[in-house]
Structure formats: structure tokens, C-alpha cells
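Bear in mind that the values here come from a model prediction, so they are computed numbers and not experimental data. Just so we're on the same page: letters track the sequence lines, and every chain starts at 1.
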Amino acid sequence: MRIKDSSNVLQKQRNRKSRSLLVFHEFENLPYLMLEQENKKVDEHEAGSVALPKVDRFGFVKQEANSPDGLTRSRSAFEYEREERKIRKWRKMIGVGGSDWKLYLRRKPHVVKRRIRKGIPDCLRGLVWQLISGSRDLLLMNPGVYEQLVIYETSASELDIIRDISRTFPSHVFFQQRHGPGQRSLYNVLKAYSVFDREVGYVQGMGFVAGLLLLYMSEEDAFWLLVALLKGAVHAPMEGLYLVGLPLVQQYLFQFDQLVKDHLPRLGEHFVQEMINPSMYASQWFITVFSYSLPFHLALRIWDVFLYEDVKIVFKVGLALLKYCHDDLVKLPFEKLIHALRHFPEDAMNPDTLLPMAYAIKVSKRLEELKDEYEKQHGKVSDSRIKQKLQQLNDADAALLQSEGKQICE
Amino acid sequence: MASSGNKNINSKLVLLGDSGAGKSSLVLRFVKGQFIEFQESTIGAAFFSQTVAVNDTTVKFEIWDTAGQERYHSLAPMYYRGAAAAVIVYDITNQESFERAKNWVRELQAQGNSNTVMALAGNKADLIDARKVPEEATQTYAQENGLFFMETSAKTATNVNELFYEIAKRLPRLQPAPNPSGMVLVDNQSPSERAASASCCS
């Protein structure tokens, strides 16, 4: 089987799902299809002139034969058994196609939180992401909207999007093929969003977010998840990251700068001396929620938590990365420091090491204080207009969803 | 800014220009000698360094490669402020990217730092059949604005090392003293290049 073909298979699977209710069984094979490619022998007939790339279990082309990605090592029988148990628990929690989810969430939010922090099983990830982000509800409440946006509307950002399509996850098999299914769905999602919210339009960085989602769900589902995030279906709206002037990026960087000084004073002082500010290394963390900067297996684990717990996890992981490398970083001069802040060591990329460190860092209260402080200096990153837009979606329904979503998660 | 030292100097250099013009590709070619057809879009900014030897001086460029999309404009001043050199990149097959380049030139000129060496790079020069921005008119524009101008191709490596070398030569630190402040003096190069760079920015 050629990789191209398996991409098509994935896409067909996705297309089939996109209009109907999701049944989680359909999700199960996705990552494993990718895994299988590694072992498949090239069929001489089909190989032709195309050299088959070696990919990791997520479908990224490997740079070197022995590049470790933290997850390619074969699993022991014990680990396999443990993973199976975990999946069974998750299935019970979700119910068929997510039918039991809301009930479970209301009854045992702490169990959900704990399990999400341990990582959502890869085969259920796409479905669970849609449940916890509130995007399933948006999808169900707005039938036909996505199709309308994709087919009938034109966007001022079309050329900008096209220019970036082949530059988004260029090392992933799904997005590599010129005008292939991956690039087409990425284009559709981004174009639909740029029409849906013409004020945001298309901003570089959104492609990595949409691309990550598209590896786990259909394009219509990915679109609504993007809407849920940017318009704030459950958490604070993210669209300020992409509006003119990048107001939310500026606020987050201000907050992060202070948090570094609070939590890691020695490093904070070193940054000041070397004239390093967070914009130089952390803006992409926020703009793409780590989907651009970190290895995919780690980015996924962060996304699990991000969708459930909000942007706080980005601050926590950022601080954990600095903390993990603290003793090295404080010794480095400017240039090496900048390099180190863009290339964290392999052992820091292990989610089971880094994430517990991140969870242990408390930021909520201080983030609120710093937000107030920032707003005093720079004015509010207004969200009234955002709420208005969400309401236009489905008037009372959307507003209800938003408050309900907030209650659920609080 | 360029820091002092007889044989080794450090210079901050920033790349500006429209998205997809080839800023990252130019840097990658210059720093690593590589070219990637589908270079990942730059989000935020990226940092690189590379050294160039000019006579008996080694210039180490500390290079900030910025995101090109207009929406990222608000992050740019941090990178061009205090830069010893700025390379403004456009795509010779894209007229709009040239207009964006002119905007960058205006913005930098408005900063009033006449010591910054400004270079204009018309990239993708290998795509000669798709050319939209004529070379001669750009040369005139560059002369009028005191820019050093070259057409480059990150893909074929044409003029890439040359571009950075010529910038290094024009750094005020490398100019023979006395060098009145606010003036950028140049040594004798080919007449067209000298004309392009021998001026005092306003």
C-alpha cells in the first residue's frame, strides 16, 4: 500500500464521518494505519519513481533513520495491556458516540480531569476533543453552515492561505502531497474560517492548529473546533491571538514574562541581562498552542489538557520547560540561550516527565492579577464583540451552550 | 549594533518582507547551504548566526528572520530596532511583495537610524519567466533610497553569500576611520553597487 493511498483511505473515512453522527469505532484505526506503513514493504509495481518516506507513528517523515520520537519503540506486552485497559475505561466514560459524556462530566469532573491529564487514548482523541471543546454542539446546531462557507463564499485571504498550504506540516505524509486530500482539507477549513470571521480572516499559525485537528477529525469537525476555540465556546476566546495587533499574544507574553520572574527569578534575571524577552521564543507557543514548536507526541498531550483546562496549560508547560533546563539556561550567553530556547533536549520532550512538572506549577491566581495589571496599562482585550458573534451563530442556543459549557468545566 | 573589536565583530541583522518571499530560505541557504522547496512558514521569528570574513575582520551576523504576514507587523520593531543591517526581501514574481518591501523601506527610514545598512533582495531570481518586478526600475528605486540591491535565488544559491558579504563590507564598523557619525561610507565596488549604497539615509 502506498502512503498516498492510505491518506485517501483516511480521507474517505473522514468524509464518511463528516455528515453523520460520529461513532467512535471509526476513529480507532487512524494512528495504527500510520504505524503499519512503517512495516509495509514497497510494492514494486506501485513504487514507480516515488521513494517511500519513512514515517513515525503519527505520519511525520523521519529526518534520520534513528531519530527518536519518544514513542516509536515497540511496546511491551504489559504496556499494551495497560493501554487496552485505559481504552476500555475511556469507552465506558464516553458511551456510544459520546452519548454518556455530559452525564459523566457532571458527575465526576475530577475523574475526567485526572484521566485527561494522563493522556486521551489516541484512538479516541478526535472524538473526545470534540466533546470537551464544545465543538460537537456547534456542529449539530449549525447544519449546512460549513458547506455554505466552503462552496459558496469567497474569501479575501484565499491567496494567503494557498501560499501557506504546502508550508504547513510539510514533513507530514497527509499534507505533503500537492493538492492531495490533506492540503485540500486544510485549505477548506482555513478558507471557511476566514469567511466565517472576516475580521480574523487567515493568520499564519492557524494552519498548524487546523492541521493538527485534521489529523484527528473530518474537516467540518475541525472547522467547528476552530470556531469553538476562537469564539470561546467553553473557555476564554482565543481569537485575540490572531486579531490585528495580536492583542492576546501581547498580553500572554507580558504575563509569561512576569511568571518567569516569579517562578524562576535567577533565570528571569539572566534573561534581562542577556536581553531576551519571551517574544523571542514563546510567541509561537501561544499562537499555535505548541503545535509548531514541539514534537507531535508531546503537542498532542498538551492539546488534551488545553482543550479541557484552558490556556493555563501553555503557561505551565512553558514554565516547566524553562524549569527543566534551568541550570543549563542560566549559564548560557545570548546566542546559545536563544538556540536552547528553540531546541529543548530530547529528555525534556517526554510528556510523562514534563507534564507532571507543569501540573505542579500553580498559575491561575497570578495570571488573573497580571491580566488586570496588563489591562490597566494597555486597555482591555475586549471580548464583548466575540460574545456577540457567538450569539449570532445560533442566538439563544449558542449563549446557552457557552454558559452551560462554563458550568460544566468549573 | 555592531560591537567593538579589531578582528571580530558581532552584527545584528534582520530580514523583513512579505510572507513567502523567501526570507527563511535565504537564511537557510546562507547559514546551512540548504534549500527546502516547502519551507515551513515562520511563526513569530527565528534566530540564526553565521560569520563572514572581510579582509582581516570576521563579522558574525546575528540574524533575526521574521514572520512575513502583515498581521505580525506589531512584533517586527523589536527585531529591527538597533539592527546593524536589514535585508528587505521581495519575490521578483510578485508585484505585491515589492510594494510591501517599499513599505518596509519607508518604515525603517522613518526610524531615522542612518547607520543601519539596508539591502533590498529580489529573491526567486531563478524564476525568470515569471518575473513581474523589472530589475532596472528596482535598481533605480534602490539608488534613490540608498539601498544596496541584488537579485538573489535561495534555490540556486545565486548571490546569496554575495549579498551577506556585501552587507558585511558596508557595516560602519568596517569602514576606515574617520567616519563621521550618521554617514555610511563605502569602499570602491563596481560602479552600480557603489551608487546603490553610497548615500546618507535621511
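With rounding to the nearest 0.5 Å, the separation of OH in A:Y292 from OG in B:S41 is 7.0 Å. Atom CG of A:L246 sits about 11.5 Å away from atom NE2 of B:H73, to the nearest 0.5 Å. Atom CD of residue B:E37 and atom OG of residue A:S166 lie 8.5 Å apart, to the nearest 0.5 angstrom. Interatomic distance, B:N94 CG to A:L159 CG, rounded to the nearest 0.5 Å: 9.0 Å.
Between A:M206 and B:I43, the closest side-chain pair of non-hydrogen atoms is not below 4.5 Å. Looking at B:W64 and A:I338, their side chains come closer than 4.5 Å, going by heavy atoms from C-beta outward. Side chains of B:N10 and A:E335 form no contact here, defined as non-hydrogen atoms less than 4.5 Å apart. Looking at B:Y79 and A:S279, their side chains come closer than 4.5 Å, going by heavy atoms from C-beta outward. Residues A:V203 and B:Q69 have side chains in contact (heavy-atom distance under 4.5 Å, counting atoms from C-beta outward).
Looking only at distances, no side-chain donor or acceptor of B:R71 sits under 3.5 Å from a matching main-chain atom of A:G201.
What you find for B:G44 and A:S283 is that their closest heavy atoms are CA-OG, 3.8 Å. Nearest heavy atom pair, residue A:R163 against residue B:G20, reads CD-CA, 4.2 Å.
Contacts of A:T288 with chain B are made by side-chain atoms alone, with heavy-atom separations under 4.5 Å and no backbone atom involved. Interface residue A:Q250: only side-chain heavy atoms are found under 4.5 Å from chain B.
Of the listed residues (A:Q284, A:Q176, A:H339, A:M280), the one with the most heavy-atom contacts under 4.5 Å to chain B is A:M280.
Checked against a 6.0 Å centroid threshold, the rings of B:F47 and A:F334 count as neighbours.
Listed by first and then second residue, the side-chain hydrogen bond (donor to acceptor under 3.5 Å, both in side chains) pairs that reach into residues 201-211 of chain A are A:D164-A:Y202, A:D164-A:Q204, A:Q204-B:S19, sequence neighbours excluded.
Heavy atoms of other residues, nucleotides or ligands lying less than 6.0 angstrom from CD of B:E96 number 12 at most.
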